[in-house]
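Here the structure is a predicted model, which means the values were calculated and not measured.
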Amino acid sequence: MRAERFIAIISLLQNRGRITTDALAKELDVSPRTILRDMDALSVAGIPIYSVRGKHGGWSLLDDFKTNLTALKPDDLHSLLAFPSEKLLNDLGINKGMIDVREKLLSSMPTSHRVETKTIWERIYIDTGTWREGEAETTYLEVVQKAVFENRKLEIVYKKADGREDIREIEPLGLVAKTNQWYVIAKRDNQFRTYRVSRITAATILDDEFKRPPHFHLIDHWEKSKAAFISRLPEYVVTLETTKALLKRITFTSKFVHALHVKPHPKKEWTFIELTFNDKQEALEFCLGFGNQLKVISPTDLRAEVVRSAQEVVTMYQEIAKIGD
């Protein structure tokens with residue numbers, strides 16, 4: 001623990017220039033007395049640390065002192081600063097410990113690149129969550145992760161989309177985080193499968209080990225399977241007539257719209273648009289949401305569904321009004 005704290009102190013001094021005893025103690029969660037003892041030990045070990053008294057004083061390293069914690073190039077280190085969200089790291093049980101790993105990365109860089117890299121760090125943050133994300137169930141993520149790293153077969157109870165559960169024996173090959181969901185890529189019945197970790201209601205690591213496919217590459221497999229999944233998604237194309245003012249609102253929201261094509265209209269303030277939805281129900285709900293601000297041109301059966309649904313809404317409120325009277 002003390003050796004790790006020594007590395008942390010050196011990294012912080014390299015990155016921040018000058019730090020007080022109290023600031024170091026707070027950063028490393030120890031007492032100021034411990035920091036003073038550490039500084040004496042580092043000096044005896046030959047680390048060129050010196051103290052400056054006064055209002056702007058603190059501990060510093062000699063300007064020409066540096067350590068080489070890694071041989072990565074500056075551009076490589078820049079990319080490493082784009083960490084995934086803290087939630088994903090916590091899900092995997094990766095704790096930052098007493099000093100952020102970015103401090104160690106920064107300390108390994110030449111002084112000429114450190115300022116530029118720290119600027120990137122302070123100005124870019126990647127949040128992989130959604131605006132209103134629910135808590136995805138990750139109870140068995142740790143068990144799955146352990147099986148992945150140990151190449152051990154896994155018996156899971158998996159809940160299907162319809163709510164039914166069944167027992168499956170899988171060979172877990174890797175974990176993928178997509179937005180706020182974890183997926184495990186596995187082999188079952190000699191085929192690659194993808195399972196959502198939040199749907200695993202029980203998991204047991206078996207004694208049997210398995211051999212990983214020699215040419216399996218997790219990222220390549222995920223990208224290919226994702227592209228194949230998208231290509232299999234159903235498409236329901238709808239042509240609408242609307243005002244150009246409403247077009248901005250339709251473009252702004254992407255909840256259901258997967259593709260948007262604008263076509264010219266004889267009237268200047270109007271336009272034809274072609275939207276792609278997953279199915280008719282999505283299209284129906286979308287069109288009803290905009291009321292009389294857009295017209296369904298095709299398909300004609302969707303137009304009939306809009307009329308029927310609108311009439312049902314009118315009838316319902318008429319009945320409510322009668323009861324109120």
Salt bridge Arg303-Asp301, side-chain N to carboxylate O under 4.0 Å:
no
Side chains of Leu240 and Lys295, heavy atoms from C-beta outward: is any pair under 4.5 Å?
no
Do Leu294 and Cys287 have side chains that approach each other closer than 4.5 Å (heavy atoms only, starting at C-beta)?
yes
Grab the two heavy atoms, one from Val144 and one from Leu175, that are nearest each other, plus how far apart they are.
CG1-CD2, 3.9 Å
Is the closest side-chain donor-acceptor distance between Gln293 and Thr243 under 3.5 Å?
no
Between His265 and Lys267, which heavy-atom pair has the shortest distance, and what is it?
ND1-N, 2.9 Å
Give a yes or no on whether Val197 and Leu206 share a hydrophobic cluster (residues Ile, Leu, Val, Met, Phe, Trp, Tyr; joining criterion: side-chain heavy atoms under 4.5 Å apart).
no
Within this structure, what is the OG1-CZ distance for the pair Thr194 and Arg188, rounded to the nearest 0.5 Å?
13.0 Å
In the structure I gave you, are the side-chain heavy atoms of Val148 and Arg152 within less than 4.5 Å of one another anywhere?
no
Quick check on the hydrophobic clustering: are Val157 and Leu141 connected, directly or via other members, by side-chain heavy-atom contacts under 4.5 Å?
no
If only atom types and distance count, is the side chain of Asp279 paired as donor or acceptor with the main-chain N or O of Gln281 below 3.5 Å?
yes
Nearest heavy-atom neighbours spanning Leu284 and Ser309:
CD2-OG, 3.7 Å
Using a strict cut-off of less than 4.0 Å between a Lys/Arg side-chain nitrogen and an Asp/Glu carboxylate oxygen, indicate whether Asp162 and Lys160 qualify as a salt bridge.
no
What I'd like to find out is whether the side chain of Glu274 reaches to under 4.5 Å of the side chain of Val237, using heavy atoms alone.
yes
Which atom names give the shortest non-hydrogen contact between Ser43 and Ile49, and what distance separates them?
OG-O, 4.1 Å
Smallest heavy-atom separation, Thr20 atom then Ala23 atom, equals OG1-N, 3.1 Å
Check whether any side-chain heavy atom of Ile185 sits under 4.5 Å from a side-chain heavy atom of Ser225, and report yes or no.
no
Nearest-0.5 Å distance, CG of residue Leu154 to CD of residue Glu169
9.0 Å
Do the non-hydrogen side-chain atoms of Val176 and Leu218 ever get within less than 4.5 Å of each other?
yes
Please confirm whether the ring centroid of Tyr195 lies under 6.0 Å from the ring centroid of Tyr158.
yes
Begin from the C-alpha positions of Glu305 and Val296 and carry the test side-chain contact (heavy atoms from CB on, under 4.5 Å) through to its verdict.
CA-CA 10 Å; Glu305 285 289 324; Val296 177; over 6 Å; no
What I want to find out is whether Glu312 reaches Arg308 closely enough, with some N-O distance under 4.0 Å, to be called a salt bridge.
yes
side-chain contact (heavy atoms from CB on, under 4.5 Å) assessment of Ile156 paired with Val143:
CA-CA 10 Å; Ile156 62 173; Val143 178; over 6 Å; no
To the nearest 0.5 Å, tell me how far Glu223 CD sits from His217 NE2.
10.5 Å
Would you say Glu165 has more than 12 foreign heavy atoms packed within less than 6.0 Å of its CD?
yes
Is any side-chain heavy atom of Pro299 less than 4.5 Å from a side-chain heavy atom of Val238?
yes
Are Leu36 and Trp59 close enough, and set up right, to give a side-chain contact (heavy atoms from CB on, under 4.5 Å), and what steps lead you there?
CA-CA 10 Å; Leu36 293 176; Trp59 295 96; 3.9 Å; yes
Pairwise distance NE2(His221) to NE2(His215) - rounded to 0.5 angstrom:
16.0 Å
Is there a side-chain contact between Phe210 and Pro172, using heavy atoms and a 4.5 Å cut-off?
yes
Quick one: CD1 on Ile35 to OG1 on Thr21, what's the gap to the nearest 0.5 Å?
7.5 Å
What about Trp222 and Tyr183, are their ring centers closer than 6.0 Å?
yes
Carefully, step by step, assess Glu142 and Lys146 under the rule side-chain contact (heavy atoms from CB on, under 4.5 Å).
CA-CA 6 Å; Glu142 184 178 352; Lys146 180 178 174 64; 5.8 Å; no
With a 4.5 Å cut-off on side-chain heavy-atom distances among I, L, V, M, F, W and Y, is there a chain of contacts connecting Val306 to Ile297?
no
Salt bridge (charged side-chain N to carboxylate O under 4.0 Å, His left out) between Arg168 and Asp166: does it pass, once the steps are laid out?
CA-CA 7 Å; Arg168 307 179 186 186; Asp166 61 13; 2.8 Å; yes
Tell me if a side-chain donor or acceptor on Glu282 pairs with a main-chain N or O of Asn278 at a distance below 3.5 Å.
yes
Phe272 and Pro264 have their tightest heavy-atom pair at CD1-O, 3.3 Å
Mind checking the CG-CD spacing from Asp208 to Glu171? Nearest 0.5 Å is all I need.
9.5 Å
Is it the case that one hydrophobic cluster holds both Val313 and Val307, taking links as side-chain heavy atoms less than 4.5 Å apart, direct or via other members?
no
Relative to each other, are the rings of Phe192 and Phe216 parallel, tilted or perpendicular (30° and 60° limits)?
parallel
